[in-house]
Every structure is written in C-alpha cells, then in structure tokens.
Peer 1: 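The structure that follows is given in the form of structure tokens.
Treat the numbers as computed from the prediction; the structure is a model and nothing was measured. For the numbers below, each heavy atom of this structure counts, side chains included, while hydrogens, waters and symmetry mates do not.
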Amino acid sequence: MKPSVILYKILPDDLLARLEQHFTVTQFNRLTAENRPAFLQALEHAEGLIGSGGQIDKAVLDLAPKLRAVSTISVGYDNFDVNAMTERGIVMMHTPTVLTETVADTVMALILSTARRVVEVANWAKSGQWKGSVGSDLFGLDVHHKTIGILGMGRIGLALAQRANLGFNMPVLYNDRQANPAVESRFNARFCDLDTLLSESDFLCISLPLTPQTHHLIGKDQLKKMKPNAILINTGRGPVIDEAALIEALKAGTIHGAGLDVYEKEPLAPDSELFRLPNVVALPHIGSATHETRYNMSACAVDNLITALTGTVEVNCVNAQVLAK
Ligand SMILES: NC(=O)c1ccc[n+]([C@@H]2O[C@H](COP(=O)([O-])OP(=O)(O)OC[C@H]3O[C@@H](n4cnc5c(N)ncnc54)[C@H](O)[C@@H]3O)[C@@H](O)[C@H]2O)c1
Ligand SMILES: O=C(O)[C@H](O)CO
C-alpha cells in the first residue's frame with residue numbers, strides 16, 4: 001500500500017502526478033480556518049506532509065502519530081516546531097538554493113525602487129501630474145557606489161553581494177554568525193559587528209532566518225544607529241524587525257526609507273501605516289514568486305518528500321540528526 005500524505009498547496013499537474021505515483025494524496029489547496037477541522041482529522045493517517053504556510057506546531061504534530069516526513073515548499077521553516085519533530089524522528093525537508101537568485105533579484109528591486117522612488121514617481125505620472133521635467137522634490141538617491149550592508153551572509157546574502165558589488169560597484173559590509181571567506185575574496189566584503197553594519201551601511205539588507213536570536217534584532221536602538229539617509233530592506237522574516245519601531249523611525253526621519261517583503265503579521269493589514277508612508281515600498285511576500293522559481297520549489301519539495309519516505313536523504317534536510325537514529 002502506498003503511504004498516505006497530505007498536500008496543502010496547489011501543485012502543477014505534472015508534479016501532482018509525480019506525487020501520486022508514490023503516495024495516496026489527500027489534498028487541501030491551502031490551510032484555512034474553514035478546512036482546519038478536515039486537515040486535523042486527516043493527520044491521523046498521514047505519513048507525510050507537503051505544502052507551505054500555516055503553523056505546524058506540537059499540538060498539530062501530536063494529531064499525526066504516523067508522521068515520518070514533512071516537506072515545506074519554502075527555504076524558511078520557522079513556522080514548524082522542528083524540535084518536536086526531531087524528538088519524534090520526523091524528517092524536516094526544505095527547498096534551499098532553487099530560490100536564491102530570484103530572492104536576491106527581489107532585494108535589488110527593493111533597493112532600486114526605494115532609492116529611486118520608482119513606485120511613487122510612476123504613480124505621480126500616472127495620476128496626470130507630469131506637466132514638465134520633474135523637480136528636486138521627486139529626486140531619488142544613487143544606488144551605485146553606495147555601501148551595502150548585508151545582515152545574514154548565507155545563500156541569498158551571497159547572491160546579493162554578487163549583484164551589488166559586481167553590478168553596482170557597491171562596497172560590501174556584512175554581519176553573520178561566522179565570517180564567510182568566499183564572499184570576502186570574491187567581492188572584497190568586510191565582516192563587521194552589528195553596530196558597525198548599522199552605522200556604515202547606506203542600504204542595510206536583512207536576509208536572516210527567524211529564530212529566537214533574530215527576533216526583534218532590529219528595534220528602536222538599532223534604527224537610531226543608522227544613517228539618516230539609509231534605507232532598510234527586509235526580505236528575511238518580518239519579526240526580525242520591531243515593526244512599530246520601524247514605523248516610528250520612518251515617520252520621524254530617523255532613516256530615509258524601507259523596502260519590505262515580509263512583516264510581523266502576514267498578510268499585512270490593509271490599514272497598516274506601511275502602506276501609506278511614501279518612503280516605503282511594501283511588497284506582499286513575493287521574494288521567490290516567479291513562475292520558474294515557484295515551479296522549481298514545488299518540484300524540489302515533491303522530490304524531497306519522495307526521498308524522505310522512500311529513499312535515502314542526502315540533501316535539504318534541516319534536522320539531519322534524525323537520519324542517524
Ligand atoms: N521574502 C521571501 O520570499 C524569502 C524567500 C526566501 C528566503 N527568505 C528568508 O530568507 C532567509 C535566508 O535564506 P537563505 O537561503 O539565505 O538562508 P541561509 O541559511 O543560507 O542564510 C542565513 C544566514 O543567516 C545567518 N544567521 C542566522 N542567525 C544569525 C544571527 N543571529 N546573526 C547573524 N547571522 C545569522 C546564518 O549564519 C546564515 O549565514 C530564510 O530563512 C527565509 O526566512 C525569504
Ligand atoms: O522561505 C521562503 O522560501 C519564502 O519566504 C517563501 O515562504
């Protein structure tokens with residue numbers, strides 16, 4: 001008999017067919033309040049889970065006594081209780097690498113659109129206000145040759161350093177838990193402490209995971225250390241920044257602007273001040289949202305689950321210690 005798995009995301013037809021070759025699939029398009037009771041009930045027989053979004057905490061896991069593997073269609077996995085999985089020997093898989101370049105492109109889009117006020121000025125023109133050449137009230141800031149500070153020099157941080165340094169001649173500063181010699185030799189990047197990163201960066205770009213250590217790493221005190229003409233970009237996870245403190249800093253002119261893809265609570269409330277501030281570009285968590293990359297993430301997650309339940313896991317496992325058990 002094929003193992004039972006729960007899919008909680010819409011997959012392209014060919015990938016659904018690949019999943020169904022190996023498993024009996026119970027499908028939910030996504031997790032909602034409406035389908036939660038049915039989802040929780042289906043957990044009783046599930047050996048695998050695949051999807052994205054939603055909180056998969058210990059209470060949910062406890063309803064799945066047969067669960068052996070979880071495959072998230074994302075690189076971030078902060079919405080899963082990985083410790084509880086590890087204790088039970090459940091393998092946790094994710095999709096690094098396939099989205100790295102696309103997310104780094106999104107960071108560049110946020111840098112350029114905030115510094116050059118792309119959205120604001122395009123809307124101004126569209127609204128019929130373009131009567132002659134624009135005045136200094138609509139000028140932006142240069143990007144090229146400015147200092148980029150990268151907080152979290154992992155896969156995405158490195159792809160960003162490449163774009164910024166080789167493409168835009170930007171000196172690179174970075175902070176991470178450890179130095180990255182490859183990024184230093186390839187892009188002449190300089191490792192520094194967080195305070196130096198805050199005070200010397202023209203563009204401070206966050207590509208950190210959400211962990212207990214990174215939660216509210218950037219708050220009022222840190223924002224005060226930034227340059228008044230600096231721009232803060234966050235494509236990591238929203239709760240890395242204290243959002244209330246950021247809104248205050250943007251209103252007070254403590255920093256020049258922000259480009260955001262992630263928020264403390266998603267979807268961001270329609271009445272959030274972040275949508276109204278002219279010095280903010282607020283995207284709806286689209287860091288990896290291209291046709292090609294979203295397909296590749298789904299394909300990677302499907303293969304991850306097949307490997308975890310029917311083969312030998314060699315890559316993309318976040319709790320490799322369970323494999324040794
Ligand atoms: N906006 C989006 O759509 C989107 C898309 C992909 C990834 N992400 C987020 O970006 C994160 C990074 O992705 P990645 O593939 O580059 O991951 P990664 O693991 O390669 O890089 C993360 C880096 O952060 C560093 N780090 C962790 N904790 C730290 C701390 N306390 N202080 C300093 N550095 C610390 C790690 O050492 C690592 O180098 C993901 O975890 C996810 O949350 C968002
Ligand atoms: O972590 C990721 O892969 C993105 O944020 C999409 O959820």
Peer 1: Taking atom CG of Leu197 and atom CD1 of Ile150, what is their separation to the nearest 0.5 Å?
Peer 2: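 Between Leu197 CG and Ile150 CD1, I get 9.0 Å after rounding to 0.5 Å.
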Peer 1: Would a distance-only check, ignoring hydrogens and angles, find a side-chain to backbone donor-acceptor pair under 3.5 Å from Trp130 to Gly132?
Peer 2: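 Judged by distance alone, yes, a pair lies under 3.5 Å.
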Peer 1: Compare every heavy atom of Ala301 with every heavy atom of Ile73, then report the nearest pair and how far apart it is.
Peer 2: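 So the two residues come closest at CG1-CB, 3.6 Å.
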Peer 1: Could you report the tightest heavy-atom contact between Met153 and Ala161, atom names first, then the distance?
Peer 2: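 Nearest heavy atoms, Met153 then Ala161: CE-CB, 4.1 Å.
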Peer 1: Out of curiosity, Thr100 OG1 to Asp105 CG, how far, rounded to the nearest 0.5 Å?
Peer 2: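 The OG1 atom of Thr100 sits 11.0 Å away from the CG atom of Asp105.
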Peer 1: Do other residues, nucleotides or ligands put more than 12 heavy atoms under 6.0 Å from the CD atom of Glu266?
Peer 2: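 Enclosed.
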Peer 1: Would you say Ile6 and Leu43 make side-chain contact, with heavy atoms under 4.5 Å?
Peer 2: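 Contact flag for Ile6/Leu43 side chains = yes.
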Peer 1: For the hydrophobic clusters of this structure (ILVMFWY residues joined by side-chain heavy atoms under 4.5 Å, transitively), does one cluster hold both Leu277 and Leu138?
Peer 2: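 Different clusters: Leu277 never reaches Leu138 through Ile, Leu, Val, Met, Phe, Trp or Tyr contacts under 4.5 Å.
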Peer 1: Compare every heavy atom of Asp271 with every heavy atom of Arg276, then report the nearest pair and how far apart it is.
Peer 2: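 That closest heavy-atom pairing would be NH1-O, 3.1 Å.
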Peer 1: Go through the steps for Ile231 and Ile111 under the test side-chain contact (heavy atoms from CB on, under 4.5 Å), then give the verdict.
Peer 2: CA-CA 8 Å; Ile231 290 178; Ile111 290 174; over 6 Å; no
Peer 1: Check whether the side chains of Gln222 and His216 place a donor and an acceptor atom closer than 3.5 Å, and report yes or no.
Peer 2: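 No - no donor-acceptor pair under 3.5 Å links their side chains.
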Peer 1: Using 4.0 Å as the upper bound for N to carboxylate O, is an ion pair formed by Asp62 and Lys58?
Peer 2: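 Here Lys58 pairs with Asp62 in a salt bridge, since their nearest N and O are under 4.0 Å apart.
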Peer 1: Could you tell me whether Asp193 atom CG has more than 12 heavy atoms of other residues or ligands within 6.0 Å of it?
Peer 2: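 Buried by this count: over 12 neighbours within 6.0 Å.
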Peer 1: Quick one: ring pair (Phe, Tyr, Trp, His ring centres under 6.0 Å) pairs with a partner in residues 245-304, sequence neighbours left out?
Peer 2: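 Applying ring pair (Phe, Tyr, Trp, His ring centres under 6.0 Å) to every pair that reaches into residues 245-304, excluding sequence neighbours, yields nothing.
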Peer 1: Taking side chain as C-beta onward, heavy atoms only, is Cys192 less than 4.5 Å from Glu200?
Peer 2: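 Heavy-atom side-chain distance check fails, nothing below 4.5 Å.
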Peer 1: Got Gln162 and Arg186 here, is their nearest side-chain heavy-atom distance under 4.5 Å?
Peer 2: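 Result yes, sub-4.5 Å side-chain heavy-atom pair found.
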Peer 1: Return the OG to CG distance between Ser199 and Leu204, rounded to the nearest 0.5 Å.
Peer 2: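 That separation rounds to 10.5 Å.
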Peer 1: Using the rule that Ile, Leu, Val, Met, Phe, Trp and Tyr join whenever any side-chain heavy atoms are under 4.5 Å apart, tell me whether Leu223 and Val280 fall into a single cluster.
Peer 2: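 Same cluster: Leu223 reaches Val280 through Ile, Leu, Val, Met, Phe, Trp or Tyr contacts under 4.5 Å.
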Peer 1: Indicate the atoms forming the closest heavy-atom contact of Leu15 with Ala299, along with that distance.
Peer 2: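 The answer is CD1-N, 3.5 Å.
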Peer 1: Distance check, rounded to the nearest 0.5 Å: Glu273 atom CD versus Leu250 atom CG?
Peer 2: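 Spacing of CD (Glu273) from CG (Leu250) equals 10.0 Å.
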Peer 1: So, does Ser127 use its side chain to make a donor-acceptor pair with the main chain of Trp124 at under 3.5 Å?
Peer 2: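 The answer is yes, because a donor-acceptor pair under 3.5 Å joins these two groups.
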Peer 1: Leu260, Val143: one ILVMFWY side-chain cluster at the under-4.5 Å cut-off?
Peer 2: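 Different clusters: Leu260 never reaches Val143 through Ile, Leu, Val, Met, Phe, Trp or Tyr contacts under 4.5 Å.
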Peer 1: So, the side chain of Asn229 versus the backbone of Asp202: is there a donor-acceptor pair under 3.5 Å, distance only?
Peer 2: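 Here the side-chain-to-backbone pair does not exist.
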Peer 1: What's the shortest heavy-atom distance between Gly219 and Ala245, and which atoms?
Peer 2: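 In this case the closest contact between Gly219 and Ala245 is C-CB, 4.1 Å.
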Peer 1: Show every side-chain hydrogen bond (donor to acceptor under 3.5 Å, both in side chains) that has at least one partner inside residues 305-315, sequence neighbours left out.
Peer 2: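 Sorted result for residues 305-315: empty, none.
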Peer 1: I'd like to know if the side chain of Thr102 and the backbone of Ser288 have a donor-acceptor N/O pair within less than 3.5 Å.
Peer 2: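 Not a single qualifying donor-acceptor pair exists.
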Peer 1: Within a strict 4.5 Å, meaning less than it, do heavy atoms of the Thr72 and Ile56 side chains meet?
Peer 2: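 Counting from C-beta outward, Thr72 and Ile56 never come under 4.5 Å.
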Peer 1: List the residues meeting side-chain contact (heavy atoms from CB on, under 4.5 Å) with Asn169, not counting sequence neighbours, and say none if there are none.
Peer 2: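 By the side-chain contact (heavy atoms from CB on, under 4.5 Å) rule, Asn169 matches His145.
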Peer 1: Can you list the steps and then say if Leu49 with Phe80 is a side-chain contact (heavy atoms from CB on, under 4.5 Å)?
Peer 2: CA-CA 12 Å; Leu49 279 184; Phe80 294 88; 5.6 Å; no
Peer 1: What do you reckon, is CD of Glu44 surrounded by more than 12 foreign heavy atoms closer than 6.0 Å?
Peer 2: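 Atom CD in Glu44 is not crowded, with 12 or fewer foreign heavy atoms closer than 6.0 Å.
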Peer 1: Indicate yes or no for a side-chain donor-acceptor contact from Arg36 to the backbone of Leu31 under 3.5 Å, with no hydrogens or angles considered.
Peer 2: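 No, the answer is negative, given that no donor and acceptor are paired below the 3.5 Å cut-off.
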Peer 1: Taking atom OH as the centre, does Tyr77 end up with more than 12 heavy-atom neighbours from other residues, nucleotides or ligands that are less than 6.0 angstrom away?
Peer 2: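 Open: at most 12 neighbouring heavy atoms sit under 6.0 Å from OH of Tyr77.
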Peer 1: Is there a side-chain contact between Ser4 and Thr26 in this structure, where contact means two heavy atoms from C-beta onward sitting under 4.5 Å apart?
Peer 2: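 Sidechains of Thr26 and Ser4: no contact.
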Peer 1: Apply the side chain to side chain contact (heavy atoms under 4.5 Å, CB included) test between Asp78 and each candidate in Thr211, Leu210, Thr214; give the one that qualifies.
Peer 2: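 The residue from Thr211, Leu210, Thr214 that satisfies side chain to side chain contact (heavy atoms under 4.5 Å, CB included) with Asp78 turns out to be Leu210.
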Peer 1: How about Ile90 and Val322: do any of their side-chain heavy atoms sit closer than 4.5 Å?
Peer 2: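 Not touching, per the 4.5 Å side-chain cut-off.
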Peer 1: In the structure I gave you, are the side-chain heavy atoms of Leu309 and His22 within less than 4.5 Å of one another anywhere?
Peer 2: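 Heavy-atom side-chain distance check fails, nothing below 4.5 Å.
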Peer 1: Is it true that atom CG of Asp57 has more than 12 heavy atoms of other residues, nucleotides or ligands lying nearer than 6.0 Å?
Peer 2: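 Atom CG in Asp57 is packed in, count exceeds 12.
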Peer 1: Same cluster for Ile286 and Val119 if Ile/Leu/Val/Met/Phe/Trp/Tyr side chains link at under 4.5 Å?
Peer 2: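 Ile286 and Val119: one cluster.
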Peer 1: When you group the ILVMFWY residues by side-chain heavy-atom contacts below 4.5 Å and let the links chain together, are Leu110 and Phe203 in the same group?
Peer 2: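 Yes.
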Peer 1: May I ask you to decide if Glu264's main-chain N or O and Glu243's side chain share a donor-acceptor pair within less than 3.5 Å?
Peer 2: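 Pair found, side chain donor or acceptor close to backbone of Glu264.
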Peer 1: Is it true that a side-chain atom of Asp242 and a backbone atom of Ala244 form a donor plus acceptor pair closer than 3.5 Å?
Peer 2: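 At least one qualifying donor-acceptor pair exists.
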Peer 1: Just do the side-chain contact (heavy atoms from CB on, under 4.5 Å) check on Leu305 and Met93 with the steps written out, would you?
Peer 2: CA-CA 7 Å; Leu305 190 64; Met93 310 290 289; over 6 Å; no
Peer 1: Would you say that more than 12 heavy atoms from the other residues, nucleotides or ligands in this model lie under 6.0 Å from the CZ of Arg116, or not?
Peer 2: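 Not buried by this count: 12 neighbours or fewer within 6.0 Å.
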Peer 1: Using 0.5 Å steps for rounding, measure from the CZ atom of Arg237 to the CD1 atom of Ile206.
Peer 2: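 Here the rounded value is 13.0 Å.
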Peer 1: Do you know which two heavy atoms are closest between Leu11 and Gln27, and how far apart they sit?
Peer 2: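 Minimum heavy-atom contact is N-NE2, 4.4 Å.
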Peer 1: For the backbone of Gly154 and the side chain of Asn180, can you confirm whether one donor and one acceptor N or O come within less than 3.5 Å of each other?
Peer 2: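 Judged by distance alone, no pair lies under 3.5 Å.
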Peer 1: Atom NZ of residue position Lys2 - does it have more than 12 heavy atoms of other residues, nucleotides or ligands inside 6.0 Å?
Peer 2: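 Yes, the 6.0 Å shell around NZ holds more than 12 heavy atoms from other groups.
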Peer 1: Taking the basic N atoms (NZ, or NE/NH1/NH2) and the acidic carboxylate oxygens, is any pair closer than 4.0 Å for Glu101 and Arg163?
Peer 2: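 So Glu101 pairs with Arg163 through a salt bridge.
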Peer 1: Is there side-chain contact between Tyr174 and Glu184, with heavy atoms separated by less than 4.5 Å?
Peer 2: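 With C-beta onward as the side chain, the pair touches.
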Peer 1: Calculate, to the nearest 0.5 Å, the distance between atoms CG and NZ belonging to Leu16 and Lys9 respectively.
Peer 2: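 Answer rounded to 0.5 Å: 14.0 Å.
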Peer 1: Could you walk me through whether Leu160 and Val172 pass side-chain contact (heavy atoms from CB on, under 4.5 Å), step by step?
Peer 2: CA-CA 10 Å; Leu160 174 60; Val172 179; over 6 Å; no
Peer 1: Has Asp176 got a side-chain atom pairing as donor or acceptor with Gly152's backbone, closer than 3.5 angstrom?
Peer 2: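 No, the answer is negative, given that no donor and acceptor are paired below the 3.5 Å cut-off.
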Peer 1: Run Asp195 and Lys225 through salt bridge (Lys or Arg N to Asp or Glu O under 4.0 Å) and show every step you take.
Peer 2: CA-CA 7 Å; Asp195 278 357; Lys225 291 177 182 164; 3.2 Å; yes
Peer 1: Please confirm whether the backbone N or O of Gln321 pairs with a side-chain atom of Asn319, one donor and one acceptor, at under 3.5 Å?
Peer 2: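 The answer is no, because no donor-acceptor pair under 3.5 Å joins these two groups.
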